[in-house]
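First comes the structure, then the notes that go with it.
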Amino acid sequence: MEFRDLKRQYQAIKTEIDKGIKEVVSSSNFISGMQVKELENKLAAYVGVNHCISCGNGTDAISIALMAHGIGEAGGGNKCDAVFVPDFTFFSSGECSATVGATPIFVDVRQDTYNIDAVSLERVIKRILLTGKLRPRAVIAVDLFGLPADYGALKRICEKYELLLLEDGAQGFGGTFEGKRACSFGDVATTSFFPAKPLGCYGDGGAIFTDDDEIASLCRSIAVHGKDMGQPNDPDSKYNNVRLGMNSRLDTLQAAILLPKFKAFMNYELINVNRVASVYNSQLCGITGLVLPVIADGFYSSWAQYTVQLPEGVERSVVQAKMREAGIPTMIYYVKPMHMQEAFAGTESALADCPVTEKLCKSVLCLPIHPYLTESEVDFICKTFKNILHQI
Ligand SMILES: *Cc1c(COP(=O)(O)O)cnc(C)c1O
């Protein structure tokens, strides 16, 4: 059994994917081919925003979005910009703030949703304002494990303190909150097409979403060496670079692979993965001390992960070993709070008060989940998991 079975997915849509790859190879428009634009248009329409700007990966997408908003640039006296980031997330969410020149400040998450805790966020913003060393600029809200963050509360806080709200939807694509789709929340949103994400390609890829024409144009410029966006058909502006940027484009091949994958995602994968999650929920409920993922009213998850919290006293490594013996792979997302990452040692970012994250890092376990998992496989996983918990 695979943790996320990409081979089964390929078998299901092989004809279309092979055809798409062949078309790109025979046309040889490897960079910025027409499939890239077609994909961007379709993704923007699905998400419900004016602009989708594809790029090289989900990490670049966050950096480009921050750069387009001037986060991390010197200014505002000699104060460094503070960006508020959940402590329980993948490294990129915090890394990008630091690489663009800002200081990530880590905020605790909620034990039930795994997403940034609005109450802790406001407390930390007040602390930073009181200390006065940093200038609060942005909040990066992560849609962890497929579930959109609490955008109602987050928007209110960002408006109150005049902060940019960036949605890191790398794991959230396909989720919804109050009828709106993930990657449409906040001032700007990003996603990743890393193969294991809800919508993945066959390598690296990412995208930025925004309603703002000017920010969209800035993102496009930054993604291609800060090129002049003035006159797209003017050869003089093509090689005129008006700002420093990076080289971060989505390959035409990856766009061609994503087009049929996106169709399958919309047509049945999202529905199937939700079915798998509900089988897990119904079979695993009622086990003493085991905490299952909570999807509150008004939310819909794209289930990038199915993450449980093991009962207290249960040795996680033993559970993993026994599951492995039965042929079931499990993963731990995440083993380390962001503020304890060595890269931040000795910096302002290391000073965080995040007891929930620290507890989660010790107790979470992710079970296999993907749209091609059969009901009998989920059955087998649940029975095995329950037996192991009973034995321990
Ligand atoms: C995967 C991930 C990213 C980074 O995406 P890449 O495409 O791997 O660069 C950023 N944030 C979160 C929450 C992620 O899970």
Side-chain angles (χ1 to χ4, degrees), residues 3-4 6 39 43 52-67 83-100 104 106-107 109-110 113-116 138-151 154 165-175 182-183 185-186 188-209 219 222-223 246-251 254-255 257-258 261 293 301-307 331-339 341 343 357 360-361 364 366 369-370:
F3 189 73
R4 187 163 180 89
L6 298 171
L39 179 75
L43 294 177
C52 167
I53 303 100
S54 61
C55 64
N57 55 71
T59 308
D60 284 357
I62 301 171
S63 298
I64 293 167
L66 290 172
M67 286 164 79
V83 177
F84 302 92
V85 180
D87 200 36
F88 191 60
T89 181
F90 180 64
F91 191 60
S92 291
S93 319
E95 176 185 31
C96 300
S97 315
T99 52
V100 301
F106 298 110
V107 177
V109 296
R110 290 176 58 122
T113 64
Y114 303 111
N115 281 330
I116 194 165
V139 172
I140 297 184
V142 179
D143 302 335
L144 206 71
F145 304 147
L147 179 69
D150 184 3
Y151 288 103
L154 294 176
L165 179 55
L166 188 156
E167 175 188 5
D168 175 359
Q171 301 182 15
F173 194 84
C183 295
F185 304 111
V188 64
T190 61
T191 198
S192 162
F193 304 124
F194 182 82
K197 308 283 167 152
L199 177 63
C201 61
Y202 287 172
D204 280 307
I208 304 149
F209 298 87
C219 289
I222 292 165
M246 52 172 89
N247 175 17
S248 186
R249 286 175 294 227
L250 182 73
D251 287 348
Q254 298 302 344
I257 288 158
L258 280 163
K261 280 217 186 197
S301 177
S302 57
W303 296 103
Q305 301 295 340
Y306 187 88
T307 308
M331 304 289 269
I332 300 166
Y333 299 117
Y334 293 91
V335 282
K336 210 182 218 184
M338 290 290 283
H339 78 274
Q341 289 287 356
T357 299
L360 288 174
C361 287
V364 289
C366 306
I369 191 163
H370 60 80

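Just follow the structure's listing: the first ligand is 1, and inside any ligand the first atom is 1.
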Test side-chain hydrogen bond (donor to acceptor under 3.5 Å, both in side chains) applied to [X] - qualifying residues, sequence neighbours left out:
X: Asp60; value: Asn57, Ser248
X: Arg249; value: Asn247
X: Thr59; value: Ser92

Pairs under 3.5 angstrom, nitrogen or oxygen on both sides, ligand 1 versus protein: list them out, please.
residue  : atom   : partner : partner atom : Å
ligand 1 : 5 (O)  : Ser192  : OG           : 3.3
ligand 1 : 7 (O)  : Gly58   : N            : 2.7
ligand 1 : 7 (O)  : Ser192  : OG           : 2.7
ligand 1 : 9 (O)  : Gly58   : N            : 3.3
ligand 1 : 9 (O)  : Thr59   : N            : 2.8
ligand 1 : 9 (O)  : Thr59   : OG1          : 2.5
ligand 1 : 11 (N) : Asp168  : OD1          : 3.3
ligand 1 : 11 (N) : Asp168  : OD2          : 2.7
ligand 1 : 15 (O) : Gln171  : NE2          : 2.7
ligand 1 : 15 (O) : Lys197  : NZ           : 2.7

Cation over ring face, Lys197 and Phe90, 6.0 Å, 45°: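 The answer is yes; both the distance and angle limits are met.
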Sidechain-backbone polar pair: Asn115 side chain, Asp150 backbone, donor-acceptor under 3.5 Å: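 It does not hold such a pair.
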Minimum heavy-atom distance between Phe193 and Leu250, given as atom pair plus value: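 Reported closest heavy-atom pair: CD1-CD1, 4.3 Å.
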